[in-house]
Engineer: 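Shown below is the structure under consideration.
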Amino acid sequence: MNRDVVRALKLTAIYLVAGTTWIIFSDAAIDWLTDDPRLILRLQTWKGSAFVAVTGLLVFSLSWRALARQSRLIARLEHYAYRHKLTGLPNRRLAEIRLEESLTRARRHRTGVGLISIDLDHFGDINDSFGHPVGNELLKAAAGRLRACCYESAILAHPSADEFLVIVPGITDREELLPVVQRIREELSPPFSASGISSVYLSACIGAAHFPGDASDSEHLLQYAEAALARAKHRGSNEFALFRLEMVERTRRQVELDARLRRALEQGELQMYYQPVVGGSDLEVVAFEALMRWFPSDGPPVPPSEFIPAAENSGLIVALGDWAIDQVCQQLAQWRREGQEDLVVGVNLSARQFAAGELPGVVAGALERYELPPSRLTLEITESLLMDQGRDGARVLEQLRGLGVSLALDDFGTGYSSLAYLRHLPVNELKIDRAFIESLDRADTNRALIEAIISLARIFGLTVVAEGVETDGQLSVLRELGCDRFQGYRFGRPLPAADIRVGGSAQSDQ
Ligand code: C2E
Ligand code: MG
Ligand code: MG
């Protein structure tokens, strides 16, 4: 039986025994005291009143204790439901309620409310390197500092692990938020200390939005402060962004584009085009670069410069990249059946494909499926991709090289261009970015640079390909400088495989 029911039964039993005993003994005492019926009546009345007073006191003390227990329980439940368990600050639910209340007050007093969203930079790394207990200590310390720089009327909330919100009432103009943000940044900038660590520097990205300047209700105000924060985070660490309408429009466009692109992959709207790469003294086609094209059934073609970054942002590039590798290998097998056994095809890779970790398996699978010698496939990677991926990137590169495929460093010159770094990379080919080739036949500003790149590539035994060669002038300078291979409109634009006559010269499509 429930403990509370047992307790209630026990109390009732005690009450019944005590009450009956009291009646029996008090009546006996009155009988013993007097025979006067009027006095007996009066004594009985007092006795009754005393009984009512005692039981009243008893009922009061019992219900008071029960009520106190209940309100303690409610307070505890509320704490769990509305407070962050680490800092005790309002969580997202309570922050939303407080924001709604602030907006109601602001509407009544015709003022505004600022909402500041704060995200501590690289907090995951801090947790990973120092452990969660230290991470928690730092979060509490950060919350303490943020509390210190909030106005009296401002409300600090802790909606999720490393994210804080500040509701600032009485802000009539969005520019008034700037000093508050400045104070937050100043407060966070001195080093923090935690068990065993004397100084840890924390920084934060901050986004802010204003009611009624940006949004007219709490839901949108929250969404816009988050959008501003996302913009700040996109720029890097320790950044701040005040909401602008383009921010959500860009996100909306991105989401729409992503959905259309997913459909495009399923409904076969994507196609691989191939652009020739020529070499040797007679400039014959030695390779092709595979370039993705998107022809939506319901609109004009979308250029790769638009859909590739969108797919990279959403992660869809992994599926697109896998599809491209399969298509290219299938096409290579077809060309080999037509007698072009020496043809090489290059396919572009993105950072997200490296991070997904399945790339070597995908490449090996496609080579096996179409029974291709690995040396016929070149994977094009960019310097920034390698830099972003760090050691993991180098490991994936080694695995790819282990498969026997060639690796080309694409858009060389636009990234870090550390020539010394080249020595440590398992690449076979260097593709000089179009930007350097563009001005070659007009001025020789880039000539010395290209010359230096080519002579260094020689030392490391790399093949040099010039991208974006459009004119005879550019071609002759590049040949003079000793460039090995050329790619560009001068030799052919990207074309669908069906329009390419392999073994002959490439045609132009556009
Ligand atoms: P990229 O890999 O550097 O490809 C070369 C780009 O230069 C292609 O643009 C090509 O059409 C263009 N191009 C070639 N010759 C000339 C020329 O003489 N003049 C001019 N103005 N442009 C020339 P595209 O096809 O628009 O692709 C742009 C970028 O999109 C590519 O740069 C690559 O980074 C990315 N991309 C394309 N297809 C794929 C793909 O399948 N996967 C991934 N991850 N990225 C791709
Ligand atoms: Mg490329
Ligand atoms: Mg390129």
Side-chain angles (χ1 to χ4, degrees), residues 261 264-265 269-278 285 287-295 301-331 344-356 359 362-363 366 377-386 388-389 406-415 417 427 429-441 453 464-475 478 485-497 506-510:
L261 198 48
L265 183 61
E269 292 175 359
L270 299 175
Q271 212 182 329
M272 292 314 287
Y273 270 39
Y274 297 87
Q275 185 180 31
V277 178
V278 302
V285 177
F288 284 98
E289 175 173 4
L291 295 157
M292 203 178 284
R293 295 291 177 262
W294 178 14
F295 300 102
V302 185
S305 54
E306 213 170 296
F307 75 82
I308 296 283
E312 275 169 348
N313 263 339
S314 70
L316 190 62
I317 194 70
V318 178
L320 294 189
D322 290 356
W323 175 83
I325 290 168
D326 182 85
Q327 290 290 302
V328 165
C329 288
Q330 193 178 355
Q331 186 56 53
V344 172
V345 179
V347 60
N348 292 286
L349 294 182
S350 286
R352 290 291 275 266
Q353 287 171 273
F354 264 65
L359 191 59
V362 169
V363 174
L377 188 68
T378 300
L379 301 175
E380 298 195 3
I381 49 174
T382 57
E383 290 166 279
S384 45
L385 180 155
L386 287 179
D388 292 347
Q389 296 304 307
S406 306
L407 297 172
L409 204 54
D410 202 0
D411 303 344
F412 190 77
T414 55
S417 306
V427 294
E429 196 177 294
L430 206 72
K431 298 188 80 168
I432 304 176
D433 193 70
R434 194 171 78 221
F436 294 94
I437 315 298
E438 242 172 3
S439 59
L440 260 191
D441 52 355
I453 294 175
V464 182
V465 183
E467 294 189 293
V469 182
E470 293 186 354
T471 65
D472 286 340
Q474 291 164 346
L475 176 65
L478 286 163
R485 292 178 177 181
F486 315 93
Q487 178 183 350
Y489 296 167
R490 161 72 177 73
F491 312 100
R493 289 180 183 246
L495 285 175
Q507 308 294 305
S508 287
D509 68 330
Q510 294 155 34

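The model shown is predicted, which means the values in this text are computed figures rather than measured ones. Values reported hereafter were calculated over all heavy atoms of this structure, with side chains retained and with hydrogens, waters and symmetry mates removed. Just so you know, ligand 1 is whichever comes first in the structure, and atom 1 is the first atom listed for that ligand.
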Engineer: Heavy atom under 4.0 Å from ligand 1: found in Pro494's side chain, backbone, both, or neither?
Structural biologist: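 It is the side chain that touches ligand 1; the backbone stays farther off.
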Engineer: For the pair Phe288 and Tyr274, name the ring-plane relationship: parallel under 30°, tilted 30 to 60°, perpendicular over 60°.
Structural biologist: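 Phe288 vs Tyr274 ring planes: perpendicular.
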Engineer: First locate atom CZ of Phe412, then atom CG of Asp433, and finally report the distance between them rounded to the nearest 0.5 Å.
Structural biologist: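 Phe412 atom CZ to Asp433 atom CG measures 10.5 Å (nearest 0.5 Å).
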Engineer: Between Val347 and ligand 1, which part of the residue brings a heavy atom under 4.0 Å of the ligand: side chain, backbone, both or neither?
Structural biologist: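 Contact part for Val347 vs ligand 1: neither.
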Engineer: Does Ile308 reach ligand 1 with a nitrogen or oxygen that is under 3.5 Å from one of the ligand's nitrogen or oxygen atoms?
Structural biologist: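 Looking only at distances, the answer is no, because the N/O contact criterion of under 3.5 Å is not met.
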Engineer: I want to check something: taking the side chain as every heavy atom from C-beta on, are Leu270 and Trp294 in contact at a cut-off of under 4.5 Å?
Structural biologist: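 Contact flag for Leu270/Trp294 side chains = yes.
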Engineer: Is the shortest heavy-atom distance from the side chain of Val277 to the side chain of Gln275 under 4.5 Å?
Structural biologist: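 No, too far: nothing below the 4.5 Å cut-off.
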Engineer: Below 4.5 Å, heavy atoms only, C-beta onward: do Arg490 and Gln474 meet side chain to side chain?
Structural biologist: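 They are not in side-chain contact.
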Engineer: Strictly by salt bridge (charged side-chain N to carboxylate O under 4.0 Å, His left out), give each pair with a member in residues 302-314 just once, sequence neighbours left out.
Structural biologist: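 Qualifying pairs: none.
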Engineer: Would Glu312 count as a polar contact of ligand 1, with the cut-off being nitrogen or oxygen pairs under 3.5 Å?
Structural biologist: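 No, since none of the N or O atoms of Glu312 sits under 3.5 Å from an N or O of ligand 1.
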Engineer: Nearest to atom 6 (C) of ligand 1, what protein heavy atom do you find, and at what distance?
Structural biologist: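 In this structure, atom 6 (C) of ligand 1 has Arg434 NH1, 4.2 Å as its nearest protein heavy atom.
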Engineer: Give yes if a backbone or side-chain nitrogen or oxygen of Arg490 is under 3.5 Å from a nitrogen or oxygen of ligand 1, and no if not.
Structural biologist: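 Such a contact does not occur with ligand 1.
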Engineer: List the closest protein heavy-atom neighbour of atom 26 (O) of ligand 1: residue, atom name, distance to the nearest 0.1 Å.
Structural biologist: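 Residue, atom and distance for the closest contact: Pro304 CG, 3.4 Å.
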Engineer: Looking only at non-hydrogen atoms, find the nearest pair between Arg352 and Asn313 and report the distance.
Structural biologist: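 In terms of heavy atoms, the two residues are closest at NH1-O, 3.4 Å.
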Engineer: Restricting to non-hydrogen atoms, name the atom on Leu407 and the atom on Thr378 that form the minimum distance, rounded to 0.1 Å.
Structural biologist: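 Looks like C-CG2, 4.4 Å.
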Engineer: Of the protein's non-hydrogen atoms, which lies at the shortest distance from atom 15 (N) of ligand 1, and what is that distance?
Structural biologist: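 For this ligand atom, the closest protein heavy atom is Gln275 NE2, 3.0 Å.
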Engineer: Which of the atoms of ligand 1 are close to Asp411, meaning less than 4.0 Å from one of its heavy atoms?
Structural biologist: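 So the answer, numbered in order with elements, is 3 (O).
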Engineer: Which atoms of ligand 1 are found less than 4.0 Å from any heavy atom of Met272?
Structural biologist: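 Under 4.0 Å from Met272, ligand 1 has these atoms: 41 (O).
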Engineer: Should the proximity of Arg293 to ligand 1, defined as any heavy atom under 4.0 Å, be assigned to the side chain, the backbone, both, or neither?
Structural biologist: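 Near ligand 1, Arg293 shows its side chain, while the N, CA, C and O stay back.
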Engineer: With the side chain counted from C-beta on, respond yes when Leu475 and Phe491 share a heavy-atom pair under 4.5 Å apart, and no when they do not.
Structural biologist: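 Leu475 reaches Phe491 side chain to side chain.
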Engineer: Is there at least one pair of N or O atoms, one from Glu470 and one from ligand 1, spaced under 3.5 Å apart?
Structural biologist: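 Yes, Glu470 has an N/O under 3.5 Å of an N/O on ligand 1.
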Engineer: Would you call Met272 and Met292 a side-chain contact if the rule is heavy atoms closer than 4.5 Å?
Structural biologist: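 Answer yes - side chains close enough.
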Engineer: What part of Arg493, side chain from CB on, backbone N/CA/C/O, both or neither, has a heavy atom under 4.0 Å from ligand 1?
Structural biologist: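 Contact part for Arg493 vs ligand 1: neither.
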Engineer: What atoms of ligand 1 come within less than 4.0 Å of a heavy atom belonging to Gly468?
Structural biologist: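 The list of qualifying atoms is 15 (N), 16 (C), 17 (C), 18 (O).
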Engineer: To which protein heavy atom is atom 45 (N) of ligand 1 closest, and what is the distance rounded to 0.1 Å?
Structural biologist: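 Here the closest protein heavy atom is Asn348 CB, 3.6 Å.
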Engineer: Search all heavy atoms of Thr382 against all heavy atoms of Leu409 and return the closest pair with its distance.
Structural biologist: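 Reported closest heavy-atom pair: C-CD1, 4.2 Å.
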Engineer: How far is atom 16 (C) of ligand 1 from the closest protein heavy atom, and which atom is that?
Structural biologist: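 The closest one turns out to be Tyr489 CE2, 3.3 Å.
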Engineer: Tally of protein N/O/S atoms under 2.8 Å from the Mg ion (ligand 2)?
Structural biologist: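 Under the 2.8 Å cut-off, the count stands at 4.
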Engineer: Any protein heavy atom lying closer than 4.0 Å to atom 41 (O) of ligand 1?
Structural biologist: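 For atom 41 (O) of ligand 1 the answer is yes, since some protein heavy atom falls inside 4.0 Å.
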Engineer: Below 3.5 angstrom, do we get any N/O pair linking Ser305 and ligand 1?
Structural biologist: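 Not met; the criterion fails.
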Engineer: Counting only non-hydrogen atoms of the protein, does one fall under 4.0 Å from atom 29 (C) of ligand 1?
Structural biologist: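 So atom 29 (C) of ligand 1 lacks protein heavy-atom neighbours under 4.0 Å.
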Engineer: Report the nearest protein non-hydrogen atom to atom 31 (C) of ligand 1: residue, atom name, distance rounded to 0.1 Å.
Structural biologist: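 The protein heavy atom lying closest is Leu291 CD2, 4.2 Å.
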Engineer: How close do Gln353 and Ile325 get, counting heavy atoms only, and between which atoms?
Structural biologist: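 Nearest pair, atom of Gln353 first, then Ile325: NE2-CD1, 4.2 Å.
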Engineer: Protein heavy atom under 4.0 angstrom of atom 2 (O) of ligand 1, is there one?
Structural biologist: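 It does: a protein heavy atom is found less than 4.0 Å away from atom 2 (O) of ligand 1.
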Engineer: Starting from atom 38 (N) of ligand 1, what is the nearest protein heavy atom, named by residue and atom, and what distance separates them?
Structural biologist: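 It is Met292 N, 3.1 Å.
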Engineer: Should Ile381 and Phe354 count as side-chain neighbours, where that means a heavy-atom distance under 4.5 Å?
Structural biologist: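 In contact.
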Engineer: I want to check something: taking the side chain as every heavy atom from C-beta on, are Leu320 and Leu261 in contact at a cut-off of under 4.5 Å?
Structural biologist: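 Sidechains of Leu261 and Leu320: in contact.
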Engineer: How about Glu289 and Val465: do any of their side-chain heavy atoms sit closer than 4.5 Å?
Structural biologist: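 The answer is no; the side chains never approach within 4.5 Å.
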Engineer: What's the shortest distance from atom 44 (N) of ligand 1 to any protein heavy atom, and which residue and atom give it?
Structural biologist: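 Answer for atom 44 (N) of ligand 1: Ser350 OG, 3.0 Å.
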Engineer: Might you work through the side-chain contact (heavy atoms from CB on, under 4.5 Å) test for Gln327 and Val347, ending with a clear yes or no?
Structural biologist: CA-CA 10 Å; Gln327 290 290 302; Val347 60; over 6 Å; no
Engineer: When you look for heavy atoms under 4.0 Å from ligand 1, do you find them on the side chain of Glu467, its backbone, both, or neither?
Structural biologist: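 For Glu467, only side-chain atoms sit under 4.0 Å from ligand 1.
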Engineer: Considering non-hydrogen atoms only, spot the tightest contact between Gln271 and Pro496 and give its length.
Structural biologist: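 Taking Gln271 first and Pro496 second, the nearest heavy atoms are NE2-CB, 3.5 Å.
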Engineer: Which heavy atom in Gly492 sits nearest to a heavy atom in Pro276, and how many Å separate them?
Structural biologist: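 Minimum heavy-atom separation between Gly492 and Pro276: O-CD, 3.8 Å.
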Engineer: Record the part of Leu349 in heavy-atom contact with ligand 1 below 4.0 Å; permitted values are side chain, backbone, both and neither.
Structural biologist: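 The answer is the backbone of Leu349.
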